[in-house]
Number of protein chains: 2
Amino acid sequence: MLAEERRSRLLEIVRNHQFASLPQLVEQLGVSESTIRRDLEQLDEQGITRRIHGGVLFVGAEPKVPHFETREPSQWHLKKAIAQNAAALVDDGDTILLDGGSTTYEVARLLVGRALHVVTNSLPVANLFASDPNSDLVFIGGNICPRTGVARGPYADQMLSQVRVRKTILSTAAVCEEGFFNNNLLLIETERAMMRAGKEVIVVVDSSKFGNQSLGHVCSLGTVDHVVVDSLLSDEWRFKLTAVGVNLRIAEVDEPALAMQI
Amino acid sequence: MLAEERRSRLLEIVRNHQFASLPQLVEQLGVSESTIRRDLEQLDEQGITRRIHGGVLFVGAEPKVPHFETREPSQWHLKKAIAQNAAALVDDGDTILLDGGSTTYEVARLLVGRALHVVTNSLPVANLFASDPNSDLVFIGGNICPRTGVARGPYADQMLSQVRVRKTILSTAAVCEEGFFNNNLLLIETERAMMRAGKEVIVVVDSSKFGNQSLGHVCSLGTVDHVVVDSLLSDEWRFKLTAVGVNLRIAEVDEPALAMQI
DNA sequence: TCATGATATTGAAAGATTATGGAAGAATTC
DNA sequence: GAATTCTTCCATAATCTTTCAATATCATGA
């Protein structure tokens, strides 16, 4: 791991907990105490944290608008690997529909510059493609959710009913035996419309989402064509998905980085 | 492989991964470390990437969306004054429809934070309001113009036919006796739809646009309710506009400001 | 078309800089 | 006073900068 990456992860940890002890950081970042000390020294000089005997306090200001690029989402390395795998499913010249969400955003980033017809209801995704001369972009209008920048609601549903795409790439908040779930009720109908608009439906989701439920049921497991997930997914779930006819794609990730999460 | 090709591939790699280590790049591009270093130096100078110990980070201005703030529009001081005047026409609680264009963008900036229902087909404008908790935002979907980030085309027209707003704020490329003109043919029908959607139509335009023609005719002079323009407008034009029943609003600007334009 | 010198690009190596882990002793907490 | 934590120092390895020679590319005029 690079020094910069480590430092940003360190800061992330300290920010999330407001405090961290040295041994704790040593364990989570897997480097020596000396290195942690030096990193903390830097952060201290920048006034972001304050050293105290036995650990470090976070004193910096919260970052403002949570833009996917700046915030270090949980399971970021998983999403990254999944996105890479999912992007390989897209061919040049394809017409694709991209949902909102941080994982699909990662997919979108990898697709910028490719010759594609892109349809999306996500403002951040649209911003990525807006000035890309290689692709053309159709934005699905509708009510914009302030938190996520995603369009949903009746306008979106109606417009989606009129488009047809080769591949729909969706993310989801939770997966359990009953199927895929989302935590935004307004989005559910919109996501269903997106699935109807796509010839192939690709769901990108990291392993931590499995076994959970969420607010609203979107669809059953077997109704999607591909599921792209990281290699930390249990064998049990791998079996369940393939049993219902889903084409399962596993993105290899190194080490059970789960222990990183406190 | 040509140097240029190598550099573009390098940038591609770095952009896709957000980060790349030197040995990794050496292997993938098949040139020496020295060469990679020199290439990275160039990218670094251009501000596209950031060198860190052990590799390189991609920082490329992601929102390459035509961000009006960065480019220095001509007649900026005029647009500024006009925007101020036009923003005063908007009341709290209004439902407004905002067109694309640099003048309307200035209006939008002044309206951020107000309690409004905002409808727009402009990506830059939508970005302004997306995270504003005081307003709610409806985006008019459609084909996004790569240069301006504005949605137009049949999807946009159809969606516009279903919305009704209190005030429509439009900009225009040219004004002559025959009426208002625009330089983008696809936008014309969309702008007409926007006018139909609004109870009141407000046109924001600076004095330099008067007397010119442009590609496509949008509507005649008398069909709009308000025209907001800077005080450099000739008396002749002031008369023409008021004669057809337009409510003319003059934004005061300093005369000698013209000389400012180098 | 060909030769020729100027300029730019490339790869390799040497030396400087930085990152890291470990250890010894001082300072602190309890 | 004992345990923990901190500071300081050093050795090692990785990475960076500088430099130089070899090669490639280009523009120019014969």
Side-chain angles (χ1 to χ4, degrees), chain A residues 1-60 70 72 76-77 80-81 84 113 252-262, chain B residues 1-61:
Chain A
M1 172 167 42
L2 268 301
E4 285 287 327
E5 187 193 342
R6 182 191 61 234
R7 274 191 275 268
S8 97
R9 279 177 56 185
L10 191 156
L11 180 57
E12 190 66 16
I13 292 172
V14 177
R15 197 204 329 261
N16 285 342
H17 296 71
Q18 299 292 307
F19 170 82
S21 75
L22 246 92
Q24 182 187 352
L25 291 169
V26 166
E27 196 203 325
Q28 288 189 39
L29 297 172
V31 290
S32 76
E33 194 181 286
S34 302
T35 304
I36 299 287
R37 283 186 193 286
R38 276 183 281 250
D39 287 348
L40 291 181
E41 204 175 322
Q42 280 199 9
L43 289 177
D44 210 43
E45 278 173 12
Q46 294 171 44
I48 300 169
T49 61
R50 199 164 63 89
R51 283 302 318 273
I52 57 172
H53 196 92
V56 56
L57 287 175
F58 181 75
V59 296
T70 52
E72 194 80 11
W76 185 69
H77 57 294
K80 203 79 192 177
Q84 207 111 32
E252 291 297 330
V253 294
D254 37 63
E255 72 176 294
L258 281 173
M260 302 303 219
Q261 298 295 111
I262 304 168
Chain B
M1 173 170 41
L2 262 46
E4 277 303 318
E5 186 193 340
R6 182 191 62 231
R7 273 190 275 269
S8 89
R9 273 180 59 187
L10 191 156
L11 181 56
E12 187 74 11
I13 292 172
V14 177
R15 180 171 52 200
N16 283 347
H17 296 70
Q18 296 293 293
F19 167 82
S21 75
L22 247 90
Q24 179 189 346
L25 291 170
V26 167
E27 197 204 324
Q28 289 196 38
L29 297 173
V31 290
S32 76
E33 195 181 284
S34 301
T35 305
I36 300 286
R37 283 186 194 287
R38 276 184 279 252
D39 287 349
L40 292 181
E41 205 174 325
Q42 280 196 11
L43 289 177
D44 209 44
E45 278 172 11
Q46 294 171 43
I48 300 170
T49 61
R50 193 167 67 91
R51 284 301 317 272
I52 59 170
H53 197 90
V56 57
L57 287 175
F58 182 76
V59 296

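Chain naming here is simple, since letters A, B, ... match the order of the sequence lines and numbering starts at 1 in each.
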With Arg37(B), which residues qualify under side-chain contact (heavy atoms from CB on, under 4.5 Å), at least two apart? Leu22(B), Glu33(B), Arg51(B)

Between [atom2] of [N] and [atom1] of [X], the distance in whole Å:
X        : N       : atom1 : atom2 : value
Ile36(A) : dG21(C) : CD1   : P     : 9 Å
Arg37(B) : dA14(D) : CZ    : P     : 14 Å
Leu22(A) : dT4(D)  : CG    : C1'   : 12 Å
Leu40(A) : dT5(D)  : CG    : C1'   : 13 Å
Glu4(B)  : dA8(C)  : CD    : P     : 15 Å
Asp39(A) : dT18(C) : CG    : P     : 16 Å
Glu41(A) : dT18(C) : CD    : P     : 14 Å
Leu10(B) : dT10(C) : CG    : P     : 12 Å

Looking at Arg51(B), I'd like to know whether one of its side-chain N or O atoms comes within less than 4.0 Å of OP1 or OP2 on dT15(D). no

Does some side-chain heavy atom of Val14(A) sit less than 4.5 Å from a side-chain heavy atom of Leu43(A)? no

So do Ile13(A) and Leu29(A) actually touch side chain to side chain, heavy atoms under 4.5 Å?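 Yes, side chains in contact.
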
Between Val56(A) and Leu10(A), does a side chain to side chain contact (heavy atoms under 4.5 Å, CB included) hold up when you go through it step by step? CA-CA 11 Å; Val56(A) 56; Leu10(A) 191 156; 5.6 Å; no

Test for a donor-acceptor pair under 3.5 Å between the base of dG22(C) and the side chain of Ser34(A), counting only N and O atoms. yes

Ignoring hydrogens and geometry beyond distance, is the side chain of Arg38(B) in donor-acceptor contact with the base of dG11(C) at under 3.5 Å? yes

Supply the atom-to-atom distance [X] [atom1] to [Y] [atom2], rounded to the nearest 0.5 angstrom.
X        : Y        : atom1 : atom2 : result
Gln28(A) : Ser21(A) : CD    : OG    : 8.5 Å
Leu40(B) : Leu57(B) : CG    : CG    : 11.0 Å
Arg7(A)  : Ile52(B) : CZ    : CD1   : 8.5 Å

Dump every N/O contact between nucleotides 25-30 of chain C and the protein below 3.5 Å, one line per pair.
unit_1: dT29(C); atom_1: OP1; unit_2: His53(A); atom_2: ND1; d: 3.2

Taking for each residue the nucleotide of DNA chain D with the nearest heavy atom, is it Glu33(A) or Leu2(A) whose nucleotide lies nearer the 5' end?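 In this pair, the answer is Glu33(A).
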
